[in-house]
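Positions are given from 1, in the same order as the sequence printed here. Computation of the quantities below employed the complete heavy-atom set of this structure, encompassing side-chain atoms and omitting hydrogens, waters and symmetry-equivalent molecules. Counting convention: from 1, in listed order, for ligands and their atoms alike.
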Amino acid sequence: MSILITNIGELTTNDDSLANSRVKDAAVILDGDRVGWVGSAADAPAADELVDAAGRAVLPGWVDSHTHMVFAGDRTAEFEARMAGESYAAGGINVTVSATRAATDDELRVNLQRLVDEARRGGTTTMETKTGYGLTVADEVRSARVAAGIVDEVTFLGAHVVPSGSDRDEYLSLVTGEMLDAVAPFVSAVDVFCETGAFDAVETARILETAASKGLATHVHGNQLGHGPGVQLAVAHNSLSVDHLGFLDDKDVEALAESWRNGGRGTVATVLPACDLSTRMPLAPAKQLLDAGAVVAIASNCNPGTSYTSSMNFCVATAVLQMGLTIEQAVRAATLGGAIALGRDTERAGKPRVGVIAPGARADLQMLGAPSITHLAYRPGMPLTAAVWAAGRRAV
Ligand SMILES: N=CN[C@@H](CCC(=O)O)C(=O)O
Ligand SMILES: [Zn+2]
């Protein structure tokens, strides 16, 4: 089954082999679950089905590379207290851990599916989610299993905090031993919250090294609540990404940029604008990172504590309006940037690449109710997602 989407006013491809990544009067053919052809509408071959974009903009579906969506409960009271002047502390995580442990598998599944459906309606076609609200072997395994049945990429975040009542050394041995082995069949990566109140530099290094020794990719939550060693550790351990980045010094920015020089595959700097706003923390210096040569991703960090939104439209608009990115930079960071942060920018183990509209890539596209991507920031807060195709199927 092939679908020709024609009469596209502006097509954003992220395909660097094309002279211009914002193509006018374009067309795309979806061939099953892959992109089959991209070009000028005038040259488009025939297909089984025709969709007239009527001059609207088409771009890759959002790739949300950082969420924590396997949870139960709600943290409205904590949010209200924060808006009244209290500051965010990692301790709130244990509130969600208690609620998550008390939930049934079905309740976790239904809540995760609800959030994924919301994200899909907002144009997201690839989603990562983390465990990290179970923090026992059994609860982390079921979080990973539930997530693996619903989202594209699952990350093990047993190293979120040391759960209340646990001995620190025993918990670290669990996270790097029995718990990691038990979740490994369901996950592709391991994450660590490297922060005061969570895990320190020595503990983070131990977790990253153990994950790598088992063939798993790594991510780091770093430099979220203050300046810390997260960025340097992530780069030194060749992590796929380091995320948050509200407190960076020049050496951190340079390390992230340097990691991509000389053809190296470095560490993506993932910024989380909705989280920065919801925690009233400094915005990550996304423009400085890009200007230095780092690869930047934008993600929602959807979770009940620090960022209860999956709206990538909101994140992109904030990155443009408040972080100083151009619209092209923000859209690229929220699509191809996320794909690179997940190691999904190339075909891997039979999984097609995502984050681009190019022949062979997964057929993940969104159409805006607007003629150009500029409207994502020009008309912030407006419901601009007009249509979504996920793996070639019309999803919205
Ligand atoms: N910082 C660590 N983890 C989450 C927050 C989790 C929570 O507060 O429930 C984050 O990315 O912001
Ligand atoms: Zn997070």
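With salt bridges taken as basic N to acidic carboxylate O contacts below 4.0 Å, none links Arg168 and Asp200. A salt bridge does not link Asp152 to Lys351: none of the charged nitrogens lies less than 4.0 Å from a carboxylate oxygen. Looking at Arg34 and Glu347, a side-chain N of the basic residue comes within less than 4.0 Å of a carboxylate O on the acidic one, giving a salt bridge. For the pair Asp117 and Arg120, the salt-bridge criterion is not met [side-chain N within less than 4.0 Å of a carboxylate O].
Rounding to the nearest 10°, we obtain 110° for the angle at the Zn ion (ligand 2) between His68 NE2 and His221 NE2.
Annotation for ligand 1: atoms under 4.0 Å from non-hydrogen atoms of His66 are 11 (O). Of all the atoms in ligand 1, the ones that sit under 4.0 Å from a non-hydrogen atom of His68 are 3 (N), 4 (C), 10 (C), 11 (O). Residue-ligand proximity, Thr306 to ligand 1, at heavy-atom distances under 4.0 Å covers atoms 5 (C), 8 (O), 10 (C), 12 (O). Proximity to Gln224 (heavy-atom distance under 4.0 Å) selects the following atoms of ligand 1: 1 (N), 2 (C), 12 (O). Heavy-atom proximity to His160, at under 4.0 Å, picks out these atoms of ligand 1: 2 (C), 3 (N), 4 (C), 6 (C). Residue His244 approaches ligand 1 through these ligand atoms, each under 4.0 Å from one of its heavy atoms: 1 (N), 10 (C), 11 (O), 12 (O). Taking every heavy atom of Ile93 and a limit of under 4.0 angstrom, the matching atoms of ligand 1 come to 6 (C), 7 (C), 8 (O), 9 (O). Interface atoms of ligand 1 facing Tyr88, defined by a heavy-atom separation under 4.0 Å, are 5 (C), 6 (C), 7 (C), 8 (O).
Heavy atoms of Phe71 stay at 4.0 angstrom or farther from ligand 1.
At a 4.0 Å heavy-atom cut-off, ligand 1 touches Arg75 through the side chain alone. With a 4.0 Å heavy-atom cut-off, ligand 1 is reached by no atom of Asp243.
Judged by distance alone, the side chains of Ser300 and Asp64 do bring a donor and an acceptor atom under 3.5 Å apart.
Contact between Val35 and Val28 at its shortest, heavy atoms only, is CG1-CG1, 4.2 Å.
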